[in-house]
Structures are given as C-alpha cells and as structure tokens.
Amino acid sequence: MTGRWLMKSEPDVFGIDDLARVKVEGWNGVRNYQARNFMKTMKTGDEILFYHSNAEPPGVAGLARVAKTAYPDPTQFDRKSDYFEPRATTADPVWYQVDVRFVRKAPRFVPLDELRGMPELAAMPLVNKSRLSVQPVTDAQWAAIVKAAGL
DNA sequence: GCCAACGTTGGC
DNA sequence: GCCAACGTTGGC
C-alpha cells in the first residue's frame with residue numbers, strides 16, 4: 001500500500017520550484033525524532049504533499065514521491081554543517097533522510113487558512129499547532145487536499 | 001521581527 | 001524521573 005505524507009519546507013530555503021529544477025533532493029536536516037521515525041517507514045513511491053512553511057502564505061504547493069528509502073543524513077557527520085550531530089558515528093547514525101522526487105506543482109496553491117477551514121483536516125497535526133515537519137496523511141485527508149489543489 | 005507553542009537538554 | 005531553562009518552529 002502506498003503511504004501518504006506531508007513534508008514541510010521553507011520556500012526561501014528550498015521550495016517546490018527548487019524541487020522542480022533539481023528533480024530529486026535528499027531531504028536532509030530533519031532533527032526531530034518523530035519526523036525521523038516517519039521517514040524511516042517510508043517506501044519508494046510513497047506520495048508526498050509538499051508544504052511551504054514560513055511562507056507568505058504558507059500552504060500546499062505540490063506533489064512529490066519518495067525516490068529512495070531512509071539512509072543516514074550525511075550532514076550529521078559534517079563538522080562545518082549546521083546539522084552536525086556530535087553523537088553520530090557512521091556505524092551508529094542518529095539522523096536519516098529520504099530522497100524526494102518532484103511530481104508536479106499544484107495547479108492551485110492551497111493556503112493554510114483554507115486547509116484550516118476543511119473539516120476533513122481537523123485532526124491533522126498541520127492544523128493543530130504542531131511543528132511536526134513530516135507527518136502521515138490519511139486517505140480522507142489526502143482526497144480533500146488533492147481536490148482543493150487540483151492535483 | 002515577534003513570540004507562543006513545543007521539543008530537547010541537563011542539573012538535581 | 002522531574003522540570004526549568006533553553007532552542008527551534010512557524011504563523012502572523
């Protein structure tokens with residue numbers, strides 16, 4: 001069964017247009033255990049809603065897929081990286097990433113205030129003040145968002 | 001840029 | 001194991 005997810009990214013750093021350009025991106029820099037654990041359960045081909053956080057406005061911007069399952073995030077080993085993790089060793093990594101492949105931009109961007117107004121989404125961490133940057137999406141939630149976005 | 005909400009760290 | 005202090009996320 002294909003998993004469905006929502007992943008947040010700040011468009012000033014890496015947005016849907018960046019993913020469209022590079023096609024495949026390693027989703028590095030996740031430093032939250034819950035988000036990491038979700039990524040570890042992702043399978044190749046799982047579908048991803050690409051969400052723009054810290055944006056004006058924030059909202060769902062496009063569709064992507066998991067291109068490669070979880071593997072150690074190399075930035076954790078890089079002393080010069082903001083994401084350096086002193087506890088991590090190559091034999092025992094702490095953080096993981098997946099590769100994400102661009103599918104398409106949303107024909108219609110769906111802003112957060114509209115997502116908040118959709119009753120199907122009331123249980124989503126996204127609209128419940130959670131900062132969780134990687135979260136699962138149920139079939140009903142997926143259907144509602146995909147419809148609103150024209151995806 | 002502000003700051004509330006939340007997650008993590010570390011002293012005890 | 002508690003919880004205060006601190007750091008980060010992300011909407012506004």
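Note on naming: letters A, B, ... go to the chains in the order of the sequence lines (proteins, then strands), and numbering restarts at 1 for each one.
- Under a 4.5 Å side-chain heavy-atom cut-off, the cluster of Ile, Leu, Val, Met, Phe, Trp and Tyr residues that includes A:V94 is completed by A:Y33, A:W95.
- The CG atom of A:L6 sits 11 Å away from the P atom of C:dG10 (whole-angstrom rounding).
- Side-chain atoms of A:V134 and A:M42, non-hydrogen and from C-beta on, do get closer than 4.5 Å to each other.
- Taking the ring pair (Phe, Tyr, Trp, His ring centres under 6.0 Å) definition, one finds that A:F50 meets it with A:W27, A:H52, sequence neighbours left out.
- In this structure, A:S130 and A:E85 both approach DNA chain B, and ranking their closest nucleotides by distance from the 5' end singles out A:S130.
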Residues 141-151 of chain A side chain polar contacts: donor-acceptor under 3.5 Å, at least two apart:
{"residue": "A:Q141", "atom": "OE1", "partner": "A:T138", "partner atom": "N", "Å": "2.9"}
{"residue": "A:Q141", "atom": "OE1", "partner": "A:T138", "partner atom": "OG1", "Å": "3.3"}

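- Residue A:K8 places none of its side-chain N or O atoms closer than 4.0 Å to OP1 or OP2 of C:dT9.
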Sequence-aligned protein contact record of nucleotides 2-7 of chain C, with B where the base is within under 4.0 Å of a protein heavy atom and S where only the sugar-phosphate is: -----B

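- Between A:D92 and A:R87 there is no salt bridge, since none of the side-chain N atoms of the basic residue sits less than 4.0 Å from a carboxylate O of the acidic one.
- In this entry the distance linking CD of A:E10 with P of C:dT9 reads 8 Å, nearest Å.
- Across residues 31-39 of chain A, not one residue has a non-hydrogen atom less than 4.0 Å from an atom of DNA chain C.
- Using modelled atom types, no side-chain atom of A:N37 and backbone atom of A:Q34 make a donor-acceptor pair closer than 3.5 Å.
- Among residues at least two apart or in separate chains, salt bridge (charged side-chain N to carboxylate O under 4.0 Å, His left out) pairs with a member in residues 20-39 of chain A are A:D18-A:R21, A:R31-A:D73.
- Distance CG (A:L126) to P (C:dG10): 9 Å, rounded to an integer number of Å.
- Rounded to an integer number of Å, the gap from CG of A:L112 to P of C:dG11 is 6 Å.
- The 12-atom threshold is exceeded at CZ of A:F14, counting heavy atoms of other residues, nucleotides or ligands nearer than 6.0 Å.
- The distance from atom CG of A:L132 to atom P of B:dT8 is 10 Å, rounded to the nearest whole Å.
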